Amino acid sequence: MKIKIRTGFGYDVHQLQEGLDFWLGGIKIPHTHGALGHSDADVLIHVICDALLGAANMRDIGFHFSDKDPQYKGIDSKILLKEVMHLLSREGYEIGNIDSTICLQEPKVNPHIPDMKACLAKVMGIPEHDISIKATTTEHLGFVGKKEGVAAFATVLIVKQ
Ligand SMILES: [Zn+2]
């Protein structure tokens with residue numbers, strides 16, 4: 001019998017810069033710095049998109065939404081996530097679950113996780129229970145610890161109907 005469950009993984013990094021809006025998990029986090037990128041630089045949404053596309057073996061977020069394409073300049077990453085959901089559902093895939101980790105020295109992410117989960121569940125049309133978001137610092141080590149950037153990881157399970 002052919003296995004109809006597939007797993008995917010995503011990893012992404014964005015630089016932090018003073019004075020930018022900080023979009024994370026679909027919501028705006030109050031902070032002095034924000035993530036730099038061609039889109040709104042929402043690192044959590046980007047890793048979820050990459051994990052979903054990887055699970056379906058459909059390349060990656062940069063392949064579908066080029067950072068050279070002016071139509072994606074400053075775009076809300078929730079739009080990209082919705083499009084990725086369309087790409088997967090067209091191939092008959094449904095989401096089993098998502099697990100993710102945000103690596104950020106400051107500000108504290110934990111108080112915002114319920115809002116992120118609610119937002120992403122709505123965008124993706126899946127139960128909040130199927131989206132796990134965790135947060136960690138890197139104990140002041142490396143570019144995350146030095147507050148130069150934000151990183152995230154995600155794994156997903158998708159099921160072919
Ligand atoms: Zn990104």
Side-chain angles (χ1 to χ4, degrees), residues 6-88 93 95 97-110 112-113 115-126 130-138 141-158:
R6 300 172 65 105
T7 180
F9 169 76
Y11 168 67
D12 193 23
V13 168
H14 281 270
Q15 231 181 86
L16 291 175
Q17 263 188 19
E18 197 170 358
L20 297 177
D21 286 342
F22 196 1
W23 288 95
L24 197 55
I27 64 171
K28 200 155 97 176
I29 304 288
H31 193 46
T32 52
H33 290 59
L36 180 70
H38 185 69
S39 66
D40 66 5
D42 190 321
V43 73
L44 181 60
I45 290 188
H46 292 178
V47 292
I48 291 173
C49 287
D50 260 357
L52 290 169
L53 290 168
N57 201 347
M58 294 170 79
R59 304 290 299 262
D60 59 32
I61 191 170
F63 178 82
H64 293 279
F65 317 106
S66 168
D67 64 3
K68 308 280 181 289
D69 190 333
Q71 71 166 307
Y72 300 123
K73 179 101 190 85
I75 196 170
D76 182 343
S77 292
K78 294 189 280 296
I79 295 169
L80 307 182
L81 179 58
K82 239 179 202 156
E83 181 56 31
V84 167
M85 291 297 287
H86 286 148
L87 290 169
L88 262 76
Y93 290 114
I95 290 176
N97 74 298
I98 296 166
D99 186 22
S100 63
T101 300
I102 299 164
C103 307
L104 184 66
Q105 192 62 45
E106 64 178 32
K108 285 267 167 265
V109 172
N110 273 319
H112 303 292
I113 286 177
D115 286 345
M116 291 180 186
K117 284 174 73 171
C119 174
L120 295 179
K122 200 172 158 201
V123 170
M124 302 177 81
I126 63 173
D130 294 339
I131 306 172
S132 151
I133 303 171
K134 309 185 301 299
T136 184
T137 68
T138 57
L141 294 169
F143 67 85
V144 168
K146 292 182 175 68
K147 305 173 199 169
E148 293 167 350
V150 55
F153 304 86
T155 62
V156 303
L157 206 72
I158 61 172

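Keep in mind the model is a prediction, meaning the values are calculated, not measured. For the single chain, residues carry numbers from 1 onward in sequence order. As the structure lists them, so they are numbered: ligands from 1, and atoms in each ligand from 1.
No other N/O/S atom of Asp12 lies as close to the Zn ion (ligand 1) as OD2 does.
Residue contact annotation: Asp42 places no N/O/S atom under 2.8 Å from the Zn ion (ligand 1).
A salt bridge is absent between Asp42 and Lys78: the closest approach of a Lys/Arg side-chain nitrogen to an acidic carboxylate oxygen does not fall below 4.0 angstrom.
Vertex the Zn ion (ligand 1); arms to His46 ND1 and His14 NE2; angle rounded to 10 degrees, 110°.
Between Phe65 and Tyr72, the ring planes lie perpendicular to each other; the angle is over 60°, past the 30° to 60° tilted range.
Asp67 and His38 form no side-chain donor-acceptor contact under 3.5 Å, judged by distance and modelled atom types alone.
Other residues, nucleotides and ligands contribute only 12 or fewer heavy atoms inside 6.0 Å of the NZ atom of Lys108.
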